[in-house]
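The structure appears right after this line, and notes come after that.
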Amino acid sequence: HIRIDLKGEFSRVGQASVIEGDAQVRPLVVNGQVTYRTGAVTPLIVAGDTVSVDIGGVWNEVGRTSVVIPPAVIDLSEGLPTIMGSIESPQRAGSEMIDGTESTRITGTMPVNAAKDLLPEATGPADVSVWVRSAGDPLLVRMLVDFSPEQAITVTVSKWDVPVRVLHAAFITGVAG
């Protein structure tokens with residue numbers, strides 16, 4: 001399961017404040033929903049490099065996955081090393097329980113070039129906190145990137161290795177996509 005909380009304006013996702021859903025990585029498929037700042041909730045499907053939302057009972061492609069949602073957020077197997085490798089002056093900041101998972105918190109600064117990968121409009125470095133599962137393989141549990149007091153992104157990942165039923169939009173509408 002993945003949940004992306006957005007604070008402030010992000011041109012990539014319009015008026016979205018939360019994107020969440022059950023996911024599988026290979027092939028990339030997410031079955032979830034988008035919550036907008038107005039409070040409206042819309043079903044969401046991510047299939048490969050296509051993002052679709054259900055608007056009024058009609059599925060609409062709204063963009064390429066790699067443009068709408070930063071690849072480092074989606075591909076957790078490659079994203080975590082990329083994110084961790086971009087943090088300057090990383091420091092262990094203790095342990096916390098996140099959604100039932102004991103996690104080690106690491107803090108640091110993300111340089112402007114890496115911050116731009118998450119937010120093209122970034123104009124400076126970002127403060128970063130990353131929570132990594134303490135036991136077993138190191139997996140991303142949560143990532144918080146503060147671009148400014150008005151703008152932040154929080155990604156929370158849970159339920160690794162739990163089978164999920166994920167549907168592609170074409171299966172829902174019965175139309176090949």
Side-chain angles (χ1 to χ4, degrees), residues 1-23 25 28 30 32-42 44 46 51 53 62-160:
H1 189 83
I2 186 167
R3 178 181 169 109
I4 303 168
D5 290 277
L6 304 159
K7 175 184 172 188
E9 299 284 328
F10 288 83
S11 63
R12 290 181 178 197
V13 294
Q15 298 293 311
S17 60
V18 178
I19 302 169
E20 73 175 311
D22 293 324
V25 177
L28 176 62
V30 179
Q33 63 184 27
V34 177
T35 302
Y36 297 94
R37 282 185 284 235
T38 62
V41 178
T42 302
L44 164 85
V46 175
V51 177
V53 294
V62 294
R64 291 182 24 235
T65 305
S66 56
V67 172
V68 176
I69 305 169
V73 170
I74 298 170
D75 190 341
L76 301 175
S77 63
E78 295 179 24
L80 180 59
T82 300
I83 292 164
M84 295 302 292
S86 71
I87 297 175
E88 294 178 343
S89 304
Q91 295 185 15
R92 187 173 190 270
S95 297
E96 295 179 39
M97 188 70 70
I98 307 266
D99 294 337
T101 301
E102 186 64 31
S103 306
T104 301
R105 182 177 179 202
I106 300 161
T107 61
T109 302
M110 182 179 285
V112 67
N113 289 341
K116 282 182 177 284
D117 287 343
L118 294 175
L119 178 69
E121 299 91 344
T123 58
D127 293 326
V128 179
S129 292
V130 177
W131 290 261
V132 178
R133 184 171 71 175
S134 299
D137 292 332
L139 296 174
L140 178 67
V141 177
R142 180 172 288 159
M143 173 182 71
L144 167 63
V145 182
D146 275 317
F147 299 100
S148 72
E150 299 82 31
Q151 198 168 41
I153 181 171
T154 303
V155 178
T156 305
V157 183
S158 61
K159 302 178 186 173
W160 305 273

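Side chains are part of it too, since the values below use all heavy atoms of this structure and drop only hydrogens, waters and symmetry mates. Quantities reported herein were computed from a predicted structural model and do not represent experimental measurements.
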* Structure fact -> E88 meets the salt bridge (charged side-chain N to carboxylate O under 4.0 Å, His left out) criterion, sequence neighbours left out, with none
* Are S134 and T104 close enough that a side-chain donor and a side-chain acceptor fall under 3.5 Å? -> yes
* Structure fact -> Note: T123 and V112 closest approach over all heavy atoms is C-CG2, 3.7 Å
* To do: Would you mind reporting whether E102 and E96 have side-chain heavy atoms less than 4.5 Å apart?
  => no
* To do: Any chance you could measure D5, atom CG, to I19, atom CD1, to the nearest 0.5 Å?
  => 9.5 Å
* Structure fact -> Nearest heavy-atom contact between R105 and S129 is NH2-OG, 2.9 Å
* Work out which heavy atom in P111 is nearest to a heavy atom in S86; give both atom names and the distance. => CD-O, 2.9 Å
* Have T101 and R133 got a donor and an acceptor in their side chains that come within less than 3.5 Å? -> no
* Kindly give the heavy-atom pair with the smallest separation between L140 and M143, and that separation in Å. => CD1-CB, 4.0 Å
* Between V128 and M110, what is the shortest heavy-atom contact and its length? -> CG2-CB, 3.4 Å
* Just by distance, do the side chain of T156 and the backbone of R3 share a donor-acceptor pair under 3.5 Å? -> no
* Could you tell me which non-hydrogen atom of I87 sits nearest to which non-hydrogen atom of T107, and how far apart they are? => CG2-O, 4.3 Å
* List for me each residue that meets side-chain contact (heavy atoms from CB on, under 4.5 Å) alongside P125, sequence neighbours excluded, and say none if there are none. => T109
